[in-house]
Every structure is written in structure tokens, then in C-alpha cells.
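Ligands are counted one by one from 1 in listed order, and the atoms in each one are counted from 1 as well.
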Amino acid sequence: MSITAIVLAAGLGTRMKSQMHKVLHPICGKPMIRHLLDAQQAAGISRRIVVIGSFGDQLQAALQGEVEFVWQAEQLGTGHAVMQAVPLLEGEDGITLVCNGDTPLITAGSLTQLIALHRDQQAAATVLTGVVDNPFGYGRIIRGEDGSVLRIVEEKDASPNEKAVREINSGTFCFDTRSLVEALKSLTNENAQGEYYLTDCLDILRRQGKRVAACCVEDADEILNVNDRAQLAMVENILREKIRLQHMKNGVTLVDPATVYIDTDVVIGADTILHPGTILTGNTTIGRGCVIGPYTQIHNSTVGDESVVMQSVLLDSTFGTHVQIGPFAYVRPGSSVADKVKIGDFVEVKNSRIGESSKIPHLSYIGDADVGAGTNIGCGTITVNYDGVTKHRTVVGNNSFIGCNTNLVAPVMVGNDAYVAAGSTITDDVPDGALAIAREKQVVKEGYKSKLEAKLRERGPKK
Ligand code: UD1
Ligand code: CA
């Protein structure tokens, strides 16, 4: 039986006070709605319809090609939002899963459980619920004396007794598609907010003599929704903690977990140690047996096994195994660093390829360069890559030696097994095996001090 998911995301998200759609705000590096869509996918639901309205164009741009869209021109409530998707359910006789776009912590496991219970009970509607300490703002689950679900009452419509109920509506439901379409026809907006509440469908179905069930999540954190920035931070905190625990379970050491931030999609090999202040974001992969940090930020990068990265920032680059980076290195986008390379203190590398076992130990700027294997770049080397108009590349071959304090004025090429004398400004290519010296020849003036003193004596004492 097919399952279609409808994700509600047409609301304005007023409380976020943002020019960006609420569900596009990132949580641990991934847009809020994508967490939900990924959980749906993992639960085996491939058809997703997203109801859009305010800032709908932003959602269309972000999710193009992944989901179907339906517009809700006026935001008249969650029930009204689902009505807009009804034409797309034509001919469907399976299950419709309805989710709110602003509940990013729901897991595939809970969705699977909800669907299983719904099928098991042969229910017309099953709501995913949770028991929370502070139910304020959520719809309350009202059960009959026999424990069966009667209806959901919204905060603004609830009596004091109903407000005391701590079992809340997650906003996630499983419906028998045909029953849902029928129930929507009977919805009214006679309530405190003048909205068409999706939640009223449960009461309607029950009155039609159909079965309404509830599936209560074990971990109520999963159903937290994000309406404002405080809830955004709270949800991010919970997810961050879960991510840390998962990595620790996988064999990664976090010396001081609270100070380590790891985005959702980051992969880390076992026996890697993350020191305090390590921030791993975006699409980052760290190998096995690495030592990362302290105070290191790695974004959209891959670092191979047995590498050490200390107090450095690495962005959009790839690193082989056994590399040694930092302290205080800055590797900028587009760099590709081979195995066993050392990039030491106060070295900036940008859009460059560094070959195996090469070393840039200290105080250098290597930009738009291709450096071969086994080459040593001396302290204070600068690739002069910009002429004020265009960027040019510097090429250095294998097993070459660039002396300290060298300018390599690009475009320029230094061959294999070549040497550049310290303090050179290289403007012409250096052939394989050659030594280039490009600096003023030293002049030594013997006896300079005594000549100076003689001059001073001649002039006599100052008046
Ligand atoms: C809703 C539920 C509440 C539940 C809570 C769980 C209703 C009436 N209330 O309340 O029982 O405890 O979620 O998080 O369903 N939306 C539209 N179109 C609209 C209105 C809303 O697409 O006309 C979307 C919003 O963009 C949002 C979702 O529906 O993603 C929920 O709307 P929101 O206003 O946040 O509902 P809550 O007040 O949180
Ligand atoms: Ca909400």
C-alpha cells in the first residue's frame, strides 16, 4: 500500500522574525525541513507533497526536484492546508502521513512505528503523541475513560482541566487517505482562532464510527516544534547532543563533549580524538585514528586516516592520510593535499595541490599553486599569484627545495629536483635540477666602523 506524505509549511513563521522561511533555518548544518524529509525517506516514504505559501518561492528553490508543491494562498489553518493537497491524492487509497514542517527531530523509527500501529489497529487516523513536562502551546490529547482518543483541543480552546493534560499532539498523523478526504469536507473554523484545524478531523472520524488511535513516542524531545529562535536553539542543542553520543558510540573520543560541535552529515572514523573547541561542519569526513583540535574548524572537507590537525581552519578541501596541519594553519577552498604532507604554523594555502610528503612548515602563503611530491617549501615563501587583475598559477615540481623568504612571481614554474636560493624573487622558470639565485649580491665594506669614527673626530665636538 502506497504512502504519501504531506508536509505543512505554508505558515508565516512570524515568531522567527526572519526574512528566511522558518523551515529553512539550519539545525546542525541542515535545513529544518530536510531533517524531516530525510526521516520520511528513511521510513520508506518517497512521495512528498509540501504545502507552501509565505516565502514559498524559497522552499521551491531549496527543494526543487525532490518533492511536489502545492500552494495555500491564504493561511486559514492546518486543516485548510491539507485541503489544498487533496487534488493530488486523487485515486490514492493508501495511507497519508501528515507532518508539520517545523518538527525536525522526529526520527524514521518513530514514523515507522506510527505507520505500523496505524495498520495494526486498522485505524482511520492515528496521531503521534508525546508526554511532556510543559505542554503549553501544543494541542492536548483528550482521551475517554477507556483510554481511547476522543479529540485534540488546541491551547487557545482548552478548558483549565484540558490544559492540565500533558499528552500533546506532535502534529504528525497517519490517515487512511479516503477517510481523510471525507473528514476534511466536514471541517469548520468555529474555534478561538477562526482556523480550519486539521486536529478536528480526529473528532469527526470518531463520530463517523471510525477508529482513531494514538502512538506515543518514547522520547518526547522528538516532537518538539520550532516556532521561535529560542526553540530553534533548544532543538539544535538536543540534536547536537545526540550526534555527539552517536560518534562516541562509534568509537570517537570527545575529550570535552560540550565544546565539540558536529553537523548532521559529518562522518568520523573510530579511534579519532576530538579535542575541545573542535567544530566539524557541512559535508566533512574525518578518517580513523586522527587527532583533531583543540580549537579547530573543518568545513566541507575530507581528512584521511592518522592525521593531526591542531588549532587550524580547513575549508572545502581534501587531505590525504598522515597529514600534519597546524598549529594556526588556514587552508582555503579548492585545496587538495596528498598523504604525509605537513602544513605548519602560520601557513595559508588556497586553491592549491600539494603532493605527497611535501612540507610547508612555517609562515608561507601558497595560493593557486601545484606543488609536486617530496618538495620542501622554506619559511616565508610566498606565491605572488595576483597581478592586480588576474590570478596566476605557480608550479613547483617533485623533490625541489625552495629556500626561505622566496617570492615565486606567477605565472612561474620551478622544475623537479630544482633549488631556489633563500631570499630570491623568482620571475623566470627554473629548469629541472637547476639552482636559481635571484637576489642582490652581498657587498661587504671592511673597517666601516673605524672609518665612521674617524669622520666624527674630524668634525669635532657638537656646538
Ligand atoms: C500545531 C497543532 C497542534 C500541535 C502542534 C505541534 C493544529 C491546529 N495545531 O500547532 O495541535 O500540538 O502543531 O507542533 O494543527 N501551516 C500551514 N498553513 C496554515 C497554518 C499552518 O501550512 O494555514 C503549517 C505551518 O507552516 C507549520 C505547521 O503547519 O509548519 C504547523 O503550524 P503552526 O502554526 O506552527 O501550528 P501550532 O500552533 O504549532
Ligand atoms: Ca508549530
Side-chain angles (χ1 to χ4, degrees), residues 5-16 18 20-25 31-37 48-56 58-59 69-85 98-106 110 125 127-132 134-142 149 151-158 162-163 165-173 175 180 183-184 187-204 214 216-217 220-232 234-235:
I6 299 175
V7 179
L8 308 186
L12 196 51
T14 323
R15 288 165 279 181
M16 290 295 283
S18 179
M20 181 160 73
H21 194 295
K22 176 168 81 173
V23 303
L24 289 178
H25 282 260
M32 198 186 299
I33 194 167
R34 206 173 277 281
H35 286 278
L36 177 67
L37 294 174
R48 278 83 57 88
I49 300 166
V50 179
V51 183
I52 53 175
S54 321
F55 298 133
Q58 293 180 5
L59 280 176
F69 294 100
V70 59
W71 285 87
Q72 183 192 21
E74 259 186 298
Q75 280 74 64
L76 303 179
T78 49
H80 182 261
V82 175
M83 286 176 203
Q84 311 312 302
V98 180
C99 298
N100 287 348
D102 62 359
T103 45
L105 298 183
I106 291 182
S110 292
V127 54
L128 187 69
T129 72
V131 178
V132 295
N134 177 14
F136 180 82
Y138 289 95
R140 311 296 204 281
I141 306 296
I142 307 303
V149 177
R151 62 181 194 280
I152 297 172
V153 55
E154 291 304 305
E155 176 79 39
K156 287 183 177 143
D157 302 290
E162 289 168 332
K163 280 184 181 160
V165 172
R166 286 170 45 233
E167 188 183 8
I168 60 152
N169 166 28
S170 68
T172 305
F173 303 85
F175 287 102
L180 170 66
L184 286 171
L187 270 192
T188 68
N189 61 355
E190 287 148 22
N191 51 54
Q193 303 186 77
E195 287 184 3
Y196 294 90
Y197 293 163
L198 176 66
T199 45
D200 286 348
C201 286
L202 269 58
D203 190 38
I204 292 168
C216 189
V217 285
D221 281 351
E222 273 191 37
I223 62 171
L224 287 172
N225 79 142
V226 176
N227 296 318
D228 56 33
R229 308 260 181 172
Q231 285 168 323
L232 179 73
M234 186 161 106
V235 162

Which protein N, O or S atoms lie under 3.0 Å from the Ca ion (ligand 2)?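 Hits for the Ca ion (ligand 2) below 3.0 Å: D102 OD2, N225 OD1, N227 OD1.
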With a 4.5 Å cut-off on side-chain heavy atoms, are S18 and R229 touching? yes
Using side-chain heavy atoms (C-beta onward) and a distance below 4.5 Å, is Q84 in contact with W71?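 Result no, sub-4.5 Å side-chain heavy-atom pair not found.
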Would you mind telling me which of V98, D200, L8 makes a side chain to side chain contact (heavy atoms under 4.5 Å, CB included) with T78?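 When V98, D200, L8 are each tested with T78, the side chain to side chain contact (heavy atoms under 4.5 Å, CB included) holds only for L8.
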Between the main-chain N or O of L37 and the side-chain N or O of R48, is there a donor-acceptor pair closer than 3.5 Å? yes
Backbone of H21 reached by a side-chain donor or acceptor of Q58 within 3.5 Å: yes
Heavy-atom count around K163 NZ within 6.0 Å, excluding the residue itself: above 12? yes
Going by the rule salt bridge (charged side-chain N to carboxylate O under 4.0 Å, His left out), which residues pair with E167 if we only count those two or more places apart in sequence or in a different chain?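 Here the qualifying residues are R143.
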Could you tell me which residues satisfy salt bridge (charged side-chain N to carboxylate O under 4.0 Å, His left out) with D102, sequence neighbours excluded, listed by chain and number? K22
Nearest 0.5 Å please: distance from the CG atom of L198 over to the CG atom of N100.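 CG of N100 is found 8.0 Å from CG of L198.
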Run through all N or O atoms in ligand 1 and write down each protein N or O closer than 3.5 Å, as a pair with its distance.
residue, atom, partner, partner atom, Å
ligand 1, 9 (N), E154, OE1, 3.0
ligand 1, 9 (N), E154, OE2, 3.2
ligand 1, 11 (O), G139, N, 3.3
ligand 1, 11 (O), E154, OE1, 3.3
ligand 1, 11 (O), E154, OE2, 2.7
ligand 1, 11 (O), N169, ND2, 2.8
ligand 1, 12 (O), G139, N, 2.9
ligand 1, 12 (O), N169, O, 2.6
ligand 1, 13 (O), N100, ND2, 3.0
ligand 1, 14 (O), N225, OD1, 3.4
ligand 1, 15 (O), T78, OG1, 2.8
ligand 1, 18 (N), Q72, OE1, 2.7
ligand 1, 22 (O), A10, N, 2.8
ligand 1, 23 (O), Q72, OE1, 3.4
ligand 1, 23 (O), Q72, NE2, 3.1
ligand 1, 23 (O), L76, N, 3.3
ligand 1, 23 (O), G77, N, 2.8
ligand 1, 23 (O), G77, O, 3.1
ligand 1, 26 (O), A10, N, 3.4
ligand 1, 26 (O), G11, N, 2.8
ligand 1, 30 (O), L8, O, 2.8
ligand 1, 35 (O), D102, OD2, 3.2
ligand 1, 39 (O), N225, OD1, 3.2

